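First up is the structure itself, then whatever we jot down about it.
Counting starts at 1 for both ligands and their atoms, in listed order. Nothing fancy with the numbering, it's 1 onward along the sequence. This structure is a prediction, so every number in the text was calculated from the model and none was measured.
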Amino acid sequence: MKRLLLLAAAVAAFAAQAQSYPGSKPITIVVPFTAGGPTDRVARDLAEALRKPLGNATLVIENVAGAGGTIGANKVAKANPDGHTLFLHHIGMATAPALYRQLPYSVENDFSYIGMVNDVPMTLIGRPNLPAGNYKELSAWIHANKGKVNLGNAGLGAASHLCGLMFQNAVGVDMTTVPYKGTAPAITDLIGGQIDLLCDQTTNTTPQIEGKKVKAFAVTTAKRLTTPALKDLPTLQESGLKGFNVTIWHGLYAPKGVPADIVAKLNAALKVALKDPEFIKKQEGLGAVVVSDKRVEPAEHKKFVADEIAKWAPVIKAAGVYAD
Ligand code: ASP
């Protein structure tokens with residue numbers, strides 16, 4: 001009898017928790033890269049759009065950068081599953097399992113999937129004083145400078161790492177990679193001429209391309225983009241890199257074990273945020289496409305991530321890149 005009463009009390013407390021969520025306690029969105037970069041940009045815009053649908057909740061961003069996003073992911077995987085720790089990550093969620101021999105968390109088992117946020121193209125950009133005005137000239141310069149070209153990225157497992165890896169393979173020239181804790185500091189060094197090239201999300205590069213702070217050579221998607229600032233950029237495919245097609249995405253997660261009611265509340269809020277005209281306008285202005293298909297559903301997003309893991313694992317394996 002006592003046991004039954006205890007159980008009933010626990011169930012009631014659990015239901016009350018979901019009902020009052022989020023309450024006055026702030027919600028932290030962990031971003032696994034530095035502040036001011038593209039993942040951070042998406043997280044901050046999304047936090048703003050989530051505030052109202054979550055009952056005027058306080059949302060704060062915590063940048064837990066390093067190791068291509070895996071340090072932040074590990075922190076979230078081990079956080080309290082009360083719905084007050086969320087995680088905004090990108091394609092690195094799906095590439096890390098193939099890149100890291102000993103990942104300290106399981107992408108499949110250690111997260112509650114809330115839903116997908118957007119698809120984001122990438123761009124290949126160069127330092128402003130790079131002696132090439134278009135992709136053809138860049139390609140000639142790379143081949144003439146074999147062994148000297150360097151390429152920034154946000155660490156093994158970052159989108160910029162994946163894109164750079166694909167690029168080096170496609171061009172057939174190995175480059176020295178320079179890892180940062182995010183592409184915000186990488187783009188600063190690119191503008192300063194400390195690194196030669198960077199492949200990064202349009203959510204970071206669009207303002208720099210518009211302001212002519214960097215040289216833009218191509219977009220990584222199969223088709224040209226429609227965003228005004230980017231529409232004249234050729235694709236890498238049309239520039240001669242057959243089949244080159246890298247688009248990345250962002251999703252929203254929480255630690256495994258968040259009560260189902262709270263996951264449902266978060267998913268409902270996400271759906272509202274993804275229809276927010278302000279959020280859509282900001283994202284589209286930066287080349288991103290806000291998700292409007294079934295991948296916004298937790299189970300569908302989880303399936304999509306599993307498909308992405310299966311898609312990229314052989315590509316990464318063939319490239320022979322990994323970390324212990
Ligand atoms: N764009 C970065 C990446 O390459 C991450 C970031 O700084 O947001 O994954």
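Counting only heavy atoms of the protein, atom 8 (O) of ligand 1 lies nearest to T39 OG1, 2.6 Å. Among all non-hydrogen protein atoms, the one lying nearest atom 4 (O) of ligand 1 is S160 OG, 2.4 Å. At the shortest separation from atom 1 (N) of ligand 1 among protein heavy atoms lies Q201 OE1, 2.5 Å. Among protein heavy atoms, the minimum distance from atom 9 (O) of ligand 1 is reached at H90 NE2, 2.6 Å. At the shortest separation from atom 7 (O) of ligand 1 among protein heavy atoms lies T183 N, 2.7 Å.
Using a 4.0 Å heavy-atom cutoff, N153 is absent from the residues neighbouring ligand 1.
If you check the side chains of D119 and T247, you find no donor sitting under 3.5 Å from an acceptor. A side-chain donor from one of N74 and K78 sits under 3.5 Å from a side-chain acceptor of the other. Between the side chains of Y253 and H301, a donor-acceptor pair is found at a separation under 3.5 Å. In this structure, a donor-acceptor pair under 3.5 Å is present between the side chains of D189 and Y180.
In terms of polar-atom proximity, defined here as any N/O pair under 3.5 Å, D200 does make such a contact with ligand 1.
Heavy atoms of V31 found under 4.0 angstrom from ligand 1: none, in either backbone or side chain. With a 4.0 Å cut-off on non-hydrogen atoms, H161 does not touch ligand 1 at all.
For K302 and E108, the salt-bridge test fails: no basic side-chain N is under 4.0 Å from an acidic carboxylate O. Ionic pairing of D110 and K256 is not present here: no N-O contact between side-chain nitrogen and carboxylate oxygen is shorter than 4.0 angstrom. Using a cutoff of 4.0 Å between basic side-chain nitrogens and carboxylate oxygens, D82 and K25 are scored as salt-bridged.
Interface of A154 with ligand 1, defined as ligand atoms under 4.0 Å from a residue heavy atom, comprises 2 (C), 3 (C), 4 (O). Interface of A158 with ligand 1, defined as ligand atoms under 4.0 Å from a residue heavy atom, comprises 3 (C), 4 (O), 9 (O). Close approach to G182 involves these atoms of ligand 1, each under 4.0 Å from a residue heavy atom: 7 (O).
Legend: residues meeting side chain to side chain contact (heavy atoms under 4.5 Å, CB included) with I61, ordered by chain and number and at least two apart, are I29, V31, D40, A43, R44, A47, N63.
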